[in-house]
Amino acid sequence: MSKVIGLIVNPVAGMGGSVGLKGTDGRMYERALALGADPVTPQRTQQLLAHISRQDEIGWLVAPGRMGGDYVADASISFTVVGEIGKTTSAEDTRRVAQEMVDRGADLLVFVGGDGTARDICDAVGTGVPVVGVPAGVKVFSAAFALSARAAADMVDAFVCGVEVTEEEVLDIDEEAFRDDRLASKLYGYLRVPEVRTFLQPGKAASNVGKSATETKQAIAEQIVEEMDPGTLYLLGPGTTAKAITDRLGLPKTLLGVDAVLAGKLVGEDVNEKGILDLLERCRQRKIVVTPIGGNGFIFGRGSKQFTPDVIRQVGRENIIVVGTPDKVSGLDCLRVDTGDLALDEALSGYLEVTIGYRDAMVMEVRCR
Amino acid sequence: MNIVKLDMNEMPYTPPLPVIEAAQRGLVDLNRYADACHLQQLLELVAGYAGVPEHNIVLSPGSDLLLREVIHAFSWDRQVLTVSPSFLPTVQIADRFAHKRLRLRLSPPDFRLDPDLLLRALKPSTLVIIDNPNNPTGQILLDCDLVASLAKRQETLIVVDEAYFEFSGVTCAPLVTDNPNLCVVRTLDKAFGLAGARVGYAVAGEHFVAALSTPLAYLPQPSLRAAMEALRNPDYMRGYVRQIAEERAWLVKALRASGATVYPSHANFLLVKAQLPDMARRLRELNVWVSDMATQLPAGYIRVSVGTPEENRIFMTRYKQLTDEAHYEEDER
């Protein structure tokens with residue numbers, strides 16, 4: 001059965017890199033052009049298309065001109081151009097064309113760009129249609145991206161054959177901070193991507209592959225729920241692993257927010273700092289459940305701003321439960337904290353146990369920058 | 001094009017002629033199980049080589065099988081503690097069979113194991129399995145003092161995987177005579193260049209001897225004869241180890257010059273943080289096989305076995321070719 005796949009290219013992604021600009025957000029694109037930067041996305045897009053082996057089974061929906069159409073003409077593939085764009089392209093074009101492709105029945109969206117492009121796609125499709133991200137930006141930190149154009153091609157092929165999809169993080173990198181060599185990334189949202197482990201050694205790592213990300217998250221949830229104490233307030237941070245816990249309890253979860261659970265019931269939905277402090281007033285026994293951000297390992301200070309220094313101090317280091325899938329945790333050198341309160345960051349440093357499965361944990365070092 | 005195989009930490013040199021001839025003599029008796037006298041002789045040779053009494057030695061067709069047996073025997077009601085990253089088969093078997101799992105993460109830049117953390121992590125009933133030097137980081141994680149203090153806890157079982165002992169020169173094998181809860185696992189696969197023969201042994205404390213000693217471990221005839229000959233004249237192995245150390249130093253220098261992050265190693269391999277996240281795959285496309293560590297470490301970490309001078313130079317040429325291309329293609333990353 002053939003698949004309808006959308007292709008959207010951010011033509012300016014990655015241009016800042018060669019001229020040392022670390023990104024083309026906002027007006028930086030004009031500066032990149034003035035400095036003589038060459039576009040990098042055409043080559044990436046061609047690499048992607050050249051490595052997809054199941055072209056016969058794909059009907060492409062392609063964004064116009066520099067956002068896609070220009071690169072597929074000589075790739076001998078069947079395609080339909082979708083949408084219209086002006087002379088210069090913007091984030092709005094990405095969002096609009098993505099939405100149009102979804103409306104036209106796209107089974108998968110392939111986008112070429114960086115973290116900014118991923119955020120635009122995230123705005124447009126959320127966790128609806130699965131996506132494959134081809135890295136071509138200056139900043140490509142989001143776990144939602146494939147490792148390379150070729151790996152992305154493998155993911156497209158796998159999708160055509162039929163594989164499970166899993167939610168992966170999209171990060172919001174503060175470009176100004178990045179230019180100052182500070183990595184200030186926050187969790188922005190989630191995209192659904194085909195679950196493919198491309199970089200395994202043949203044979204050797206086989207037993208690791210047996211479990212899907214969903215099953216692993218369920219195993220983690222099982223462990224946490226088994227140890228839950230009915231008299232303790234659980235503050236569940238953002239993320240799909242925390243969501244697996246509420247799924248297990250039959251409760252809803254705010255994917256990007258903090259929810260509070262007490263005695264198997266939801267007592268706070270998408271609570272802010274004040275809401276959390278109110279709850280802490282009422283419950284003397286409390287625990288925070290957080291998951292590290294993929295790639296950089298932050299457990300506090302990114303993506304969970306509701307866990308302010310005041311909240312973390314009140315709950316106490318010994319009541320922090322860290323959860324994460326083995327895949328995500330293996331990709332981290334260590335855990336990190338950046339709460340904005342240096343003394344607290346120091347106090348949080350040391351070792352913490354991360355629950356990575358049922359009766360399975362990894363002890364990791366917590367570092368502050 | 002020939003494949004340059006630097007992914008399994010094998011010795012790139014074939015064993016000396018007398019060892020091969022001994023294996024060939026074993027082929028003549030292929031209709032028979034190994035002779036008990038020969039097995040006894042190998043036991044004596046191994047005991048002499050390891051410097052412990054014979055009753056502390058258990059032979060096995062491969063040290064990974066010993067590790068597997070240890071896990072089968074002791075993990076069903078215990079917490080199995082390993083480091084991460086570690087020898088993958090150990091990790092996988094422990095994941096499948098252990099009652100409970102705990103991994104201590106080794107972090108860059110030095111990938112060291114905090115002794116206090118290790119001691120604190122011991123629950124009343126723990127089976128500790130640590131590779132020393134660690135595979136893939138090449139670091140020495142344990143010294144005899146630390147192992148001795150671990151072994152003082154009678155209820156803890158300690159297994160030290162010394163597959164690369166000949167390269168590091170660090171061993172805690174002599175401690176087994178006083179510590180029934182300690183077991184050191186070794187192999188002739190690596191430094192002796194006998195990976196294809198699969199001969200491993202445990203230098204085992206009493207608790208382990210009792211669990212691991214099925215009557216007499218039968219080894220394949222050619223493997224048995226090759227191992228006996230290798231241990232009668234082990235000087236060739238020492239020569240190989242010296243050559244590997246020299247080549248390892250060359251590789252470290254060359255990799256660093258090309259911009260890679262290379263970690264110091266006490267084994268016949270190097271852990272490298274490559275500039276490309278899919279370096280292992282790209283090298284494979286150029287017929288150079290290295291081990292991708294992506295299941296246990298962030299993308300881009302590869303483990304490169306030290307090969308012959310020629311192999312190492314082919315590897316470096318391809319490695320540089322790929323990083324140069326990437327600088328051109330992917331200069332924004």
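Chain A is the first sequence line, chain B the second, and so forth, proteins listed ahead of strands; every chain is numbered from 1.
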- Any residues in residues 217-227 of chain A near chain B, with a heavy-atom distance under 4.5 Å, and which are they?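 Within residues 217-227 of chain A, no residue comes under 4.5 Å of chain B, counting heavy atoms only.
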- Specify the closest pair of heavy atoms between P298(B) and G331(A), including all atoms of both residues, with the distance to one decimal.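 Nearest heavy atoms, P298(B) then G331(A): CG-O, 3.3 Å.
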- Message: Any heavy-atom pair between the side chains of L102(B) and E353(A) that's under 4.5 Å?
- Response: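 The answer is yes; the side chains approach within 4.5 Å.
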- Just wondering, are more than 12 heavy atoms of other shown residues or ligands nearer than 6.0 Å to CZ in R317(A)?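 Yes, CZ of R317(A) has more than 12 neighbouring heavy atoms, counting only those of other groups under 6.0 Å.
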- Query: Got a sec: does the NZ of K320(B) have more than 12 other heavy atoms crowding it under 6.0 Å?
  - Reply: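 No, the 6.0 Å shell around NZ holds no more than 12 heavy atoms from other groups.
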- Nearest 0.5 Å please: distance from the CE atom of M362(A) over to the CZ atom of R103(B).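 Spacing of CE (M362(A)) from CZ (R103(B)) equals 6.0 Å.
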- Query: From L332(A) CG over to L297(B) CG, what is the distance, rounded to the nearest 0.5 angstrom?
  - Reply: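 So the gap between those two atoms works out to 11.0 Å.
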- Considering only NZ, NE, NH1 and NH2 on the basic side and carboxylate oxygens on the acidic side, decide whether R281(B) and D154(A) come within less than 4.0 Å.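 Yes.
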- Task: With a 4.5 Å cut-off on heavy-atom pairs, point out which of A299(B), P108(B), A121(B) contacts chain A the most.
- Result: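 That would be P108(B).
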- Message: Could you work out, with side-chain hydrogen bond (donor to acceptor under 3.5 Å, both in side chains) as the rule, every residue matching S84(B), not counting sequence neighbours?
- Response: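 Partners of S84(B) by the side-chain hydrogen bond (donor to acceptor under 3.5 Å, both in side chains) criterion, ordered by chain and then number, come out as R105(B).
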- Name the region of L104(B), side chain, backbone, both or neither, that has any atom closer than 4.5 Å to a heavy atom of chain A.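 Both backbone and side chain.
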- At a heavy-atom separation under 4.5 Å, does Y301(B) approach chain A through its side chain, its backbone, both, or neither?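 It is the side chain, since no backbone atom gets that close.
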- Item | Atom group of V329(A) that falls short of 4.5 Å from chain B, counting heavy atoms |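 Contact with chain B involves the backbone of V329(A) alone.
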- Query: Of the options Q79(B), K100(B), R101(B), which is the one that meets R359(A) in a side chain to side chain contact (heavy atoms under 4.5 Å, CB included)?
  - Reply: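 Only one option passes, and that is K100(B).
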